[in-house]
Number of protein chains: 2
Amino acid sequence: MTNLLKIKKISETPFRKEVLGIFSKYNNAIPLSIIEKELKEYNRITLYRTIKIFIEKGIIHEITLSGNQSNYALCKEECSTVAHHQHIHFKCKGCNKIFCVEADKFPTIILPGYKIEQLEIQATGLCKSCSA
Amino acid sequence: MTNLLKIKKISETPFRKEVLGIFSKYNNAIPLSIIEKELKEYNRITLYRTIKIFIEKGIIHEITLSGNQSNYALCKEECSTVAHHQHIHFKCKGCNKIFCVEADKFPTIILPGYKIEQLEIQATGLCKSCSA
DNA sequence: CAATAAATGCAACAATGTTGCAATAATATT
DNA sequence: AATATTATTGCAACATTGTTGCATTTATTG
């Protein structure tokens with residue numbers, strides 16, 4: 001976390017550090033609107049560009065669920081190297097938060113005739129806190 | 001198909017019939033831009049409202065994949081009744097089309113602590129024509 | 001600490017989506 | 001079949017979201 005920017009070889013600016021700090025404060029994926037609320041003052045354009053470069057560098061990933069604005073979450077280390085996003089995007093109907101959850105066994109799907117290279121699974125239901 | 005609008009209890013207007021005709025012409029999901037190209041002349045606002053009501057009535061469903069504009073596809077009959085979208089959204093890297101594909105066995109996923117109510121699976125790879 | 005390279009912020013614009021309201025068209029009623 | 005009722009359409013105007021060029025400022029390199 002500390003030197004993620006350095007590791008990814010992009011300049012360490014105060015703004016980027018602040019945005020990164022917001023991401024690491026949450027354990028769920030967050031939309032732009034939350035980042036904007038957390039930032040005391042900010043420039044819209046710089047934020048767009050920051051999000052864009054974070055995605056390009058594999059620092060965060062975008063999660064788009066039907067009917068929701070895009071959400072963003074920090075990538076796990078494996079993200080950049082091997083299989084990207086071998087986790088499930090879970091949207092809780094209780095708290096409306098979106099989580100990245102590791103599945104003990106990620107399913108394999110066979111579609112006759114189709115050659116599947118990558119799977120992305122999105123689930124809705126109740127998260128740990130909300131189902132307790 | 002013929003009287004889908006009547007079945008769903010919304011007015012049968014020429015515009016809606018035309019849009020519905022476009023959907024049934026394609027066997028893959030299509031974005032707004034394609035619908036716009038197919039319509040000789042149209043009103044932007046009416047199109048938005050048409051898409052909206054089609055979704056509400058379960059005539060079409062929206063497919064949002066990361067990095068893509070929204071795509072829309074006709075719902076199967078089961079859609080409106082039992083489980084919604086028990087199929088896979090497949091994006092072909094060859095032709096860039098998005099297909100709704102029925103899987104012979106739809107996977108079950110278990111996330112300890114989480115209560116999963118619905119699954120949405122998105123795959124990327126090569127479709128039948130492009131892998132042949 | 002200077003030279004270089006990159007990021008920021010402004011202005012201006014482009015694309016996308018929404019709302020109220022009057023005109024028009026579709027459906028229901030007699 | 002003609003009218004009453006209800007729903008849809010299209011316009012104007014606006015709101016939101018995202019993009020680009022360019023000068024200024026800031027971070028990194030040596």
Side-chain angles (χ1 to χ4, degrees), chain A residues 1-23 29-73 96 98, chain B residues 1-23 29-73 96 98:
Chain A
M1 174 73 261
T2 5
N3 273 340
L4 197 43
L5 296 171
K6 203 163 273 177
I7 294 168
K8 298 292 183 176
K9 297 205 179 72
I10 58 172
S11 302
E12 286 191 278
T13 69
F15 187 78
R16 288 179 180 168
K17 283 191 221 169
E18 198 180 354
V19 172
L20 215 47
I22 295 170
F23 274 114
I30 51 177
L32 271 190
S33 56
I34 284 195
I35 302 175
E36 285 166 352
K37 248 176 251 160
E38 295 267 350
L39 292 165
K40 13 188 174 303
E41 58 173 304
Y42 73 100
N43 179 281
R44 227 165 48 89
I45 299 159
T46 306
L47 181 52
Y48 279 126
R49 290 196 269 224
T50 301
I51 295 297
K52 198 177 177 191
I53 200 172
F54 278 12
I55 293 175
E56 283 169 11
K57 296 293 175 178
I59 296 174
I60 60 175
H61 61 281
E62 188 181 14
I63 303 167
T64 44
L65 306 186
S66 302
N68 288 272
Q69 44 182 334
S70 283
N71 278 259
Y72 305 93
N96 276 318
I98 293 170
Chain B
M1 174 74 261
T2 6
N3 274 339
L4 198 43
L5 296 171
K6 202 163 271 176
I7 293 168
K8 298 292 184 175
K9 297 203 179 74
I10 58 171
S11 300
E12 286 190 278
T13 69
F15 187 77
R16 288 179 180 166
K17 282 192 223 169
E18 197 177 357
V19 172
L20 215 46
I22 294 169
F23 275 113
I30 50 176
L32 272 190
S33 56
I34 283 195
I35 302 174
E36 284 165 353
K37 247 175 255 161
E38 294 267 350
L39 292 166
K40 16 190 170 303
E41 57 174 303
Y42 71 101
N43 179 282
R44 228 164 48 89
I45 300 160
T46 305
L47 180 54
Y48 280 126
R49 290 197 269 226
T50 301
I51 294 297
K52 199 177 177 191
I53 201 172
F54 278 12
I55 293 174
E56 282 168 12
K57 297 292 176 179
I59 296 174
I60 60 174
H61 62 281
E62 189 181 12
I63 303 167
T64 45
L65 306 186
S66 302
N68 288 272
Q69 45 182 335
S70 284
N71 279 259
Y72 305 93
N96 277 316
I98 293 170

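By convention in this document, chain letters (A, B, ...) are assigned in the order of the sequence lines, proteins followed by strands, and residues within each chain are numbered from 1. Basis for what follows: all heavy atoms, side chains included, without hydrogens, waters or symmetry-related copies.
Note: CD1 (I45(B)) to P (dC14(D)) measures 14 Å, nearest angstrom. At whole-Å resolution of the value, OH in Y48(A) and P in dT17(D) are 7 Å apart. Rounding to whole angstrom units, CG of residue N43(A) and P of dT26(D) are separated by 14 Å. In this structure, CD of E41(B) is placed 12 Å from C1' of dG10(D), rounded to the nearest angstrom. Distance L47(B) CG to dC11(D) P: 14 Å, rounded to the nearest Å. Following rounding to the nearest Å, N3(A) (CG) and dT28(D) (P) show an atom-to-atom distance of 10 Å. The interatomic distance linking E36(A) (CD) with dT16(D) (C1') rounds to 11 Å, in whole Å. The distance between atom CD of E12(A) and atom P of dT29(D), rounded to the nearest whole Å, is 10 Å.
Both K6(B) and I53(A) lie close to DNA chain C; mapped to their nearest nucleotides by heavy-atom distance, the more 5′-ward contact belongs to I53(A).
For the atom pair R16(A) CZ and T46(A) OG1, the distance stands at 9.5 Å (nearest 0.5 Å).
No N or O donor and acceptor, one from the side chain of R44(B) and one from the base of dG10(D), sit under 3.5 Å apart.
Mapping heavy-atom proximity under 4.0 Å, the span of DNA chain C touched by chain B runs 5' to 3' from dT16(C) to dT27(C).
Residues I51(A) and I35(A) meet the side-chain proximity criterion, which asks for heavy atoms closer than 4.5 Å. Between Y72(A) and I63(A), every side-chain heavy-atom pair lies at or beyond the 4.5 Å cut-off.
When only modelled atom types and interatomic distance are considered, S70(B) and E62(B) share a side-chain donor-acceptor pair under 3.5 Å.
Note on T46(B): a side-chain N or O is less than 4.0 Å away from OP1 or OP2 of dG10(D).
Not one N or O on the side chain of H61(A) forms a donor-acceptor pair closer than 3.5 Å with the backbone of I55(A).
A salt bridge links E18(B) to K40(B): one of the charged nitrogens lies within less than 4.0 Å of a carboxylate oxygen.
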**Report entry** L20(B) and F15(B): CA distance, side-chain angles, deciding distance, side chain to side chain contact (heavy atoms under 4.5 Å, CB included) verdict
**Finding:** CA-CA 9 Å; L20(B) 215 46; F15(B) 187 77; over 6 Å; no

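Nucleic acid contact class of R49(B) (heavy atoms, under 4.0 Å, all strands): base.
Here the side chain of S11(A) is nearest to one of dA27(D), dC22(D), dT19(D), namely dA27(D).
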